[in-house]
Amino acid sequence: MFADLHLHTNFSDGTYTPEELAAHAQRHGLCAIALTDHDTVEGCLRMALACGQAEMEFVPGAELTAELAGQELHLIGYYMDSANAKLLAELAKFQTVRQNRIREMVARLNKLNIPLEAAAVFAIANCRSPGRPHVGRALVQAGFCSNLDEAFDRFLKRNRPAWVPKSKISAVDAIALIHQAGGVAVMAHPGLNHNDDLIPPLVAGGLDGLECFHTKHSPTATERYLDFAHKHGLLVTGGSDCHGMNKGQPLIGSVKLPYHYVEALKSKANEVAQANNSIALALPPMPNPLHSAER
Ligand code: AMP
Ligand code: ZN
Ligand code: FE
Ligand code: FE
């Protein structure tokens with residue numbers, strides 16, 4: 001029994017629809033999958049339905065772009081209430097930031113005499129949470145680059161001419177946002193940050209888990225993060241971070257997380273939801289508007 005808790009669809013910068021992703025997961029024999037699109041939960045409903053049809057367990061999630069000590073890091077919220085008003089309001093802000101950033105990147109490309117239009121990027125993205133891979137795909141489609149890697153190497157990577165920094169939520173605020181929505185907060189792919197000093201402040205800020213298993217973690221990195229998680233009582237998660245056909249070969253199936261980790265994650269989500277409920281019950285009762293109207 002294996003799971004993959006880090007997957008993207010075309011609701012952000014993946015290429016698969018939720019239905020296609022479910023079909024691939026089923027083919028790889030997975031019993032549970034999470035959807036962790038960037039800064040959105042919009043794909044979760046369709047993903048849940050597709051998983052239901054394929055008799056796979058669905059774990060709702062979103063990968064939030066956050067920041068600590070000037071470094072970008074990614075926090076996954078699992079099992080958040082996808083109707084939570086504060087969560088949805090914050091996600092809408094992140095999405096606006098992403099859309100404005102696309103316009104800014106296109107403006108920079110235009111200054112480099114590359115006549116790409118933002119509308120072409122938005123047409124390819126066809127979602128509220130567009131990102132650099134969509135700009136890259138637009139560059140390839142219009143013939144300005146021969147593939148996505150070239151687009152990133154020449155224009156889109158950090159400090160390349162069309163790269164635009166993204167304003168991000170503070171990591172500690174992101175953890176609180178996830179918790180108030182009843183979710184569990186996990187640091188995604190810590191190995192990609194090349195700075196393990198980021199982890200202790202996150203733990204102090206309420207981090208619940210660490211994505212120890214990830215396609216880009218070496219066996220020694222995986223061991224180091226497993227060790228850290230055990231020492232600090234953190235949950236362990238893992239996933240392929242598959243974006244569909246973005247990188248030529250889909251990554252789904254490359255990380256197979258033993259199912260017992262999903263059970264631990266679910267128990268933690270129940271604890272968070274119960275704690276939120278008891279906070280709500282401890283609040284003074286709302287004043288009755290009818291009663292005050294009588295006076
Ligand atoms: P953004 O969220 O807009 O900053 O874009 C980040 C996304 O770009 C991540 O999901 C990465 O998977 C993707 N990415 C980063 N570098 C490359 C690359 N060289 N080729 C393709 N995709 C990339
Ligand atoms: Zn992505
Ligand atoms: Fe990520
Ligand atoms: Fe990801």
Side-chain angles (χ1 to χ4, degrees), residues 4-16 21 34-40 42-43 61-68 71-78 91 94-106 108-109 118 121-122 124-125 127-141 145-160 162-169 171 174 185-194 198 202 209-217 237-252 254-255:
D4 186 335
L5 297 182
H6 193 153
L7 295 163
H8 295 269
T9 65
N10 60 356
F11 278 85
S12 69
D13 58 4
T15 63
Y16 292 147
L21 185 60
L35 181 61
T36 56
D37 269 323
H38 298 282
D39 299 325
T40 181
E42 288 167 291
E63 185 175 16
L64 307 186
T65 315
E67 168 174 45
L68 182 69
Q71 267 196 50
E72 177 170 325
L73 61 90
H74 293 175
L75 290 165
I76 301 181
Y78 289 110
L91 292 178
F94 302 157
Q95 292 160 15
T96 303
V97 164
R98 282 179 168 276
Q99 291 161 18
N100 289 337
R101 181 172 175 242
I102 298 286
R103 293 187 187 95
E104 177 69 27
M105 286 193 280
V106 168
R108 293 194 188 195
L109 286 165
V121 180
F122 290 128
I124 285 174
C127 69
R128 291 196 179 90
S129 203
R132 281 180 291 165
H134 298 121
V135 181
R137 277 189 238 157
L139 284 167
V140 173
Q141 207 173 83
C145 295
S146 49
N147 55 51
L148 203 56
D149 271 339
E150 187 194 324
F152 270 86
D153 285 341
R154 280 175 60 197
F155 302 115
L156 304 173
K157 268 189 188 169
R158 190 184 174 85
N159 296 329
R160 289 290 191 273
W163 176 74
V164 175
K166 191 166 41 180
S167 68
K168 301 169 263 287
I169 184 173
V186 173
M187 184 188 186
H189 44 63
L192 297 193
N193 279 99
H194 304 289
L198 294 171
L202 294 175
L210 210 50
E211 188 178 57
C212 300
F213 301 97
H214 184 272
T215 322
K216 290 199 176 158
H217 282 176
T237 71
S240 65
D241 209 352
C242 177
H243 283 73
M245 296 304 287
N246 255 359
K247 305 219 168 119
Q249 199 55 32
L251 293 172
I252 188 167
S254 61
V255 171

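Small disclaimer: the values here were computed from a predicted structure and weren't measured. Counting convention: from 1, in listed order, for ligands and their atoms alike. Sequential numbering from 1 along the given sequence is applied to the chain's residues.
Looking at atom 11 (C) of ligand 1, its nearest protein heavy atom turns out to be Lys247 NZ, 4.3 Å. Remark: minimum distance from atom 15 (C) of ligand 1 to any protein heavy atom is reached at Phe152 CE2, 3.5 Å. Summary of contacts: the protein heavy atom closest to atom 13 (C) of ligand 1 is Pro133 CG, 3.8 Å.
Annotation for Thr36 and Tyr78: closest pair CG2-CE2, 3.9 Å, computed over non-hydrogen atoms.
Just one of His6, His189, His74 meets the side chain to side chain donor-acceptor pair (under 3.5 Å) condition when paired with Glu211; it is His6.
Within the 4.0 Å heavy-atom criterion, the part of Asp149 lying near ligand 1 is the side chain and not the backbone. Residue-level proximity to ligand 1 for Arg98 is carried by the side chain, the only part with a heavy atom below 4.0 angstrom. Of the heavy atoms in Asp13, only side-chain atoms (C-beta onward) come closer than 4.0 Å to ligand 1.
The closest heavy-atom contact to atom 1 (P) of ligand 1, among the options Arg101, Glu150, Arg158, His74, comes from Arg101. Between atom 2 (O) of ligand 1 and the options Lys166, Arg132, His38, His243, the minimum heavy-atom separation is to Lys166.
Residue contact annotation: His8 places no N/O/S atom under 2.8 Å from the Zn ion (ligand 2). Not one N, O or S atom of Asp241 sits under 2.8 Å from the Zn ion (ligand 2).
Nearest N, O or S atom of His243 to the Zn ion (ligand 2): atom NE2.
Within the protein, the number of N, O or S atoms lying under 2.8 Å from the Fe ion (ligand 3) is 3.
Here the straight-line distance linking atom NZ of Lys168 with atom CG of Leu75 works out to 12.5 Å at 0.5 Å rounding. Note: Gln99 CD to Cys127 SG = 8.5 Å, rounded to the nearest 0.5 Å.
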